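Quantities reported herein were computed from a predicted structural model and do not represent experimental measurements. Just so you know, residue 1 is the first one in the sequence shown, and it goes up from there.
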Amino acid sequence: MTETDAAAPWALPSPWRDARVAVVVPTYNEAGNIGDLTARVLALDLPNLRLVIADDDSPDGTGLLADDLAKHANEDGRDRMVVLHRTVKEGIGRAHIAGMKEALARGDEYVVQMDGDLSHRPEYIPHLLGTILATRAGLVIGSRYVVGGSLSTQWGRHRRLLSRFAGRYVNAILNLSVRDPTGGFKIWRREVLEGIGLDAIRSDGYSFQVEMNYRCKQLGHAIVELPIHFEERAAGSSKISFAVQLESMLTPLALRFGRAGRR
């Protein structure tokens, strides 16, 4: 099976395809990607899917572009796209939480997390939904590192080694038994997010992914990994600062030794 075949959207049967699903996408300077991402997400054969964009006041106008796209998407009155305009850039973790809270407030049953740079193929969303519905998992992770998963050939040796090291570092400290604990393409059951308590999450940056996995496991929910192909970003540049990298190193230790309590 080719990568293209593997990423073709699954045609889910009813009632699975009718599930209320929110796709939460934090954005910051993703003007070059937001149009394609929106079109591909909303083209999926999931009639009760909602796209939630949480924009951190992007200076490149991503938020304004998203508003225009939402106006068009909602012309039939179905409320298929929501744009949250955040006035303070607090990190991708805070943006995810804002989007998740919005989804829960609107009654959505499953919440997908994905990046806004098209490194995560929207066509995998039915795969994630089908997997969580077919299992007893509380969380399904789109994984680069299980059998069948892969990385873009544009990733150099240094990035590959760093990513692998991060996963092994997290697992050594937290014993998550997850091959891709730092991955950001996921689907959650509503009740798991409610059980975790989003206000309790302390991580602001990319370590948010690790903390959420840890909280999920603490509650006794199963975590399933689904193989995906991870693309290089389509446009723009990475936003991982030194402060974000430092937080990512310290968060597993804080979680392990009990210093990551409630905000």
Give every residue pair that meets the salt bridge (Lys or Arg N to Asp or Glu O under 4.0 Å) criterion with at least one member in [range], sequence neighbours excluded.
range            : result
residues 127-141 : none
residues 38-51   : Arg17-Asp45, Asp36-Arg40, Arg40-Glu123, Arg50-Asp79, Arg50-Asp108
residues 169-184 : Arg144-Asp180

Closer than 3.5 angstrom, by distance alone: can the side chain of [X] be matched with the main-chain N or O of [Y] as a donor-acceptor pair?
X      : Y      : result
Asp115 : Asp117 : no
Lys217 : Asn175 : yes
Ser143 : Leu226 : no
Asn171 : Gly167 : yes
Tyr124 : Pro227 : no
Arg94  : Ser203 : yes

Original post:
Who are the side-chain contact (heavy atoms from CB on, under 4.5 Å) partners of Thr153, not counting sequence neighbours?
Top reply: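 Scan of Thr153 (side-chain contact (heavy atoms from CB on, under 4.5 Å), adjacent residues dropped) gives none.
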Consider only side-chain heavy atoms of I, L, V, M, F, W and Y, link residues closer than 4.5 Å, and tell whether [X] and [Y] are in one cluster.
X      : Y      : answer
Val112 : Leu42  : yes
Val147 : Val224 : no
Val88  : Ile201 : no
Tyr169 : Leu176 : yes
Trp16  : Trp10  : yes

**OP:** I would like to know whether Leu139 and Met212 meet side-chain contact (heavy atoms from CB on, under 4.5 Å); could you show each step before the answer?
**Re:** CA-CA 10 Å; Leu139 165 64; Met212 290 290 286; over 6 Å; no
Original post:
Taking only residues two or more places apart in sequence or in another chain, which ones pass ring-ring contact (aromatic ring centres under 6.0 Å, His included) with Tyr145?
Top reply: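 Tyr145 satisfies ring-ring contact (aromatic ring centres under 6.0 Å, His included) with no residue once adjacent residues are dropped.
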**OP:** Not counting sequence neighbours, which residues clear ring-ring contact (aromatic ring centres under 6.0 Å, His included) with Phe185? List them please.
**Re:**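 With neighbours one apart ignored, the set is His120.
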Could you give the distance from [atom1] ([X]) to [atom2] ([Y]), rounded to the nearest 0.5 Å?
X      : Y      : atom1 : atom2 : result
Leu37  : Leu69  : CG    : CG    : 9.5 Å
Gln209 : Thr182 : CD    : OG1   : 8.0 Å
Phe230 : Leu151 : CZ    : CG    : 7.0 Å
Ile173 : Leu255 : CD1   : CG    : 9.5 Å
Glu194 : Leu219 : CD    : CG    : 12.0 Å
Leu46  : Asp18  : CG    : CG    : 9.0 Å

**OP:** Before giving the answer on side-chain contact (heavy atoms from CB on, under 4.5 Å), spell out for Lys89 and Asp57 the whole-Å C-alpha distance, their side-chain angles and the decisive distance to 0.1 Å.
**Re:** CA-CA 7 Å; Lys89 191 175 187 299; Asp57 198 24; over 6 Å; no
Subject >> salt bridge (charged side-chain N to carboxylate O under 4.0 Å, His left out) evaluation trace for Arg202 with Glu211 >> reply: CA-CA 8 Å; Arg202 296 192 59 85; Glu211 183 173 355; over 6 Å; no
Between [X] and [Y], which heavy-atom pair has the shortest distance, and what is it?
X      : Y      : result
Ala66  : Ile53  : CB-CG2, 4.3 Å
Val170 : Pro181 : CG1-CB, 3.9 Å
Ala31  : Thr62  : N-OG1, 3.0 Å
Leu104 : Val111 : CD2-CG2, 4.5 Å
Gly63  : Val83  : O-CG1, 4.2 Å

[Y] side chain reached by [X] side chain, heavy atoms, under 4.5 Å:
X      : Y      : result
Asp56  : Glu90  : no
Arg121 : Ile228 : no
Val23  : Leu44  : no

Subject >> side-chain contact (heavy atoms from CB on, under 4.5 Å) partner of Ile34, the single match among Val25, Leu118, Leu65 >> reply: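 Checked Val25, Leu118, Leu65 against Ile34; only one passes side-chain contact (heavy atoms from CB on, under 4.5 Å): Leu65.
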What pairs with [X] under salt bridge (Lys or Arg N to Asp or Glu O under 4.0 Å), at least two apart in sequence or on another chain?
X      : result
Glu109 : none
Lys101 : Asp199
Glu191 : none

Subject >> With sequence neighbours excluded, residues passing side-chain hydrogen bond (donor to acceptor under 3.5 Å, both in side chains) with Arg80 >> reply: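 In terms of side-chain hydrogen bond (donor to acceptor under 3.5 Å, both in side chains), with neighbours along the sequence ignored, Arg80 is linked to no residue.
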Subject >> Residues in side-chain hydrogen bond (donor to acceptor under 3.5 Å, both in side chains) contact with Asp55, at least two apart in sequence or another chain >> reply: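 By the side-chain hydrogen bond (donor to acceptor under 3.5 Å, both in side chains) rule, Asp55 matches Thr27, Ser58.
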**OP:** Give a yes or no on whether Arg106 atom CZ has more than 12 heavy-atom contacts from other residues, nucleotides or ligands under 6.0 Å away.
**Re:**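 Enclosed: over 12 neighbouring heavy atoms sit under 6.0 Å from CZ of Arg106.
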Subject >> Residue pairs, two or more places apart or on separate chains, that pass ring-ring contact (aromatic ring centres under 6.0 Å, His included) and touch residues 56-111 >> reply: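 Every pair satisfying ring-ring contact (aromatic ring centres under 6.0 Å, His included) with a residue in residues 56-111: His96-Phe208.
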